[in-house]
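In what follows, a structure is listed as structure tokens, so that the remarks can point back to it.
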Amino acid sequence: LQLKLQDRSTEFDVEDVWSDDLLRNRDEAGRKLYTIISNQERPFTICLNGSWGSGKTYFLTRFVENYNHRAPVGRAIYFNAWKDDYLDDPLVAIICQLKNIVKDNEASLYEQVKKAAIPFLARTGLTITKQIVKKVSGVDLSELAVEDLETQSEILFRQYEGVSASRDTLVKVIGRLAEETWKATQKPLLFVVDELDRCRPTFAIELLERIKHLFCVPHLVFLIGVDVCQLESSIKSVYGEIDAHDYLHRFFDVELRLPEADKMEFVYALWSEHGLESILQRRGVDVNSQRTMLDEFAHLIKYRHITLRQIEKCVRTYALLALSQTNASCRWALLAAIAVVLKVTAPGHYQKFIGMDYSLGSLIDILYPGLVFKDANSEHGVFSMIQHLSKITYHVDDQSSGHKKFAAIKEALSQNGEIRFDAEIMPKAFETCSSVELKSFYSYVVQDERAFVLCEYRGVPRILEQLDKGLQFIGGL
């Protein structure tokens, strides 16, 4: 048995780029975006907005390949800006990417672009502000005589004129390259920029400025994948408390978002891809128990505000844990699911869970933020998990207050007596419930009295200790 650990963003079938789309909705998004871009003749800049880990890189790398291979064959460039943010000027990196799409008969045109950029790069950065002139040249304008100031100013004006001329030449040559692409493919030249929000703030802003002022030519489309919120923070770090949203959107003609992912379906797909059913079955967890546990695992993911990347990490970590076991039990499989989800998404709560330092009510609130009673009562994956957590609370320590309070509830339920609920047993999600609803719910939680009493949960501390050691080892890989 081998665990699949490939880089999903870069390893794929170029003939069928969406074949490994576990979300089953990127193909449609790709078709819509292709229609928008392929018909563009005017300069056009698109922002593909998405938080870190939402699947932007997965989508953009495949979209570029699809654009390049779909008839009529187009020309698209994928540029990971983060890899080049050590450069002083992003223009160098942008121009060098063009080499990847020019044909042999266009090599001279690419050389013209480079040559046109050289004087522009040499001249930019010149300014007539006193501070920068002094820093660059050592000349303090405030100390110059009038006639000397006029001489220095004249030099600066001539340099500015040179910059303007260089810029105009560069824009024209880039425009010719885009026009040649349109003639050859009947599609615009597509330039995809990814990971911009991970770049140095000054580099990211400078890159957007370069695109706006130098690459705004017909038949050239920029598609920029970015976390807008993160980029707005970068802008504020440079310019202070400005309206970063308004400033940023000066660079974009339109903002798009990838469709929302069904997190539970993603978990099921990853579970199958990693072969976890076979892994657990070989270690003693039967298929029926697995199905229940997988549903519980998927619901844990559903209620957490986490990215697709974090979900992948959860399932991959769980698979590594399972592979490291020579045998496993249903209790191990369940506790491993809770431990992994907390370790990846809420490390502050993880250690307290390992030490069983939570009451039943607190644990439910931590595992299911935003849970409402209706869902706890109707979603089997949540309800069955609460059953397990109740058993753990009852059996892990006979002397704990949680054990005693739950024992009192069990006794009252069996005799149809009055039940008292408090925060140690009842999560905040249940605070608005009537006593009738609570009594009905908890009676189902402990409905199988024999199974509830005989279940072997006294070994939970030992299992949690083993899981912690396993996760410490995996965390060091």
Q: Report yes if the side chains of Val113 and Ile174 come closer than 4.5 Å at any heavy-atom pair, otherwise no.
A: yes
Q | Side-chain touch Thr185/Pro72, heavy atoms, less than 4.5 angstrom | A | no
Q.
According to side-chain contact (heavy atoms from CB on, under 4.5 Å), who are the partners of Pro347, at least two apart in sequence or on a separate chain?
A. none
Q | Ring-face cation of Arg70 near Tyr34 (centre distance under 6.0 Å, axis angle within 45°) | A | yes
(Q) Salt bridge or not between Lys114 and Glu111? Use side-chain N to carboxylate O under 4.0 Å. (A) yes
Q. Does a salt bridge link Lys56 with Asp227, judged by any charged N lying under 4.0 Å from a carboxylate O?
A. no
Q) What residues, two or more places apart in sequence or in another chain, satisfy salt bridge (Lys or Arg N to Asp or Glu O under 4.0 Å) together with Arg291? A) none
(Q) Checking Val102 against Leu109 for the side-chain contact (heavy atoms from CB on, under 4.5 Å) test, could you report, in this order, the C-alpha distance in whole Å, the side-chain angles of both residues, the deciding distance, and whether it holds? (A) CA-CA 8 Å; Val102 296; Leu109 194 54; over 6 Å; no
Q) Does a side-chain heavy-atom distance below 4.5 Å link Lys313 with Arg309? A) no
Q) So, Asp20 and Arg62, do they make that salt bridge, N to O below 4.0 Å? A) yes
Q: Answer with yes or no after comparing the ring centroid distance for Trp18 and Phe59 against a 6.0 Å cut-off, counting only values under it.
A: yes
Q: May I ask you to test the Leu294-Tyr268 pair for a side-chain heavy-atom distance under 4.5 Å?
A: yes
Q.
Taking side chain to side chain donor-acceptor pair (under 3.5 Å) as the cut-off, I'd like each qualifying pair that reaches into residues 340-352, sequence neighbours left out, listed once.
A. Arg304-Thr345, His349-Tyr358, Tyr350-Asp468
Q. Picking from Phe44, Phe251, Phe215, what satisfies ring pair (Phe, Tyr, Trp, His ring centres under 6.0 Å) with Phe222?
A. Phe215
Q) Do Leu220 and Pro43 have side-chain heavy atoms sitting under 4.5 Å apart? A) no
Q. Under a 4.5 Å cut-off applied to non-hydrogen side-chain atoms, are Phe252 and Ile224 in contact?
A. yes
Q. So among Leu258, Leu256, Val228, which one has a side-chain contact (heavy atoms from CB on, under 4.5 Å) with Asn49?
A. Val228
Q. For Tyr303, which residues count as a ring-ring contact (aromatic ring centres under 6.0 Å, His included) partner, sequence neighbours excluded?
A. Tyr368
Q: Would you indicate whether the side-chain heavy atoms of Pro90 and Arg210 approach each other to under 4.5 Å?
A: yes
Q.
Are Tyr318 and Phe297, when compared by the centres of their aromatic rings, separated by less than 6.0 Å?
A. yes
Under 3.5 Å, which donor-acceptor pairs do the side chains of residues 234-243 form with other protein atoms, sequence neighbours left out?
| residue | atom | partner | partner atom | Å |
| --- | --- | --- | --- | --- |
| Ser234 | OG | Gln230 | O | 3.4 |
| Ser237 | OG | Ser234 | O | 2.5 |
| Asp243 | OD1 | His245 | N | 3.4 |
| Asp243 | OD1 | Asp246 | N | 3.1 |

Q: Using atom types as modelled and distance alone, determine if a side-chain donor or acceptor of Arg200 lies under 3.5 Å from a backbone N or O of Asp85.
A: yes
Q) Which residues pass the salt bridge (Lys or Arg N to Asp or Glu O under 4.0 Å) test with Lys83, sequence neighbours left out? A) none
(Q) Quick check: do Glu379 and Glu296 have side-chain heavy atoms less than 4.5 Å from each other? (A) no
**Q.** Asp88 atom CG, over 12 foreign heavy atoms within 6.0 Å
**A.** no
Q. Does the pair Lys32/Glu28 count as a salt bridge with the N-to-O cut at 4.0 Å?
A. yes
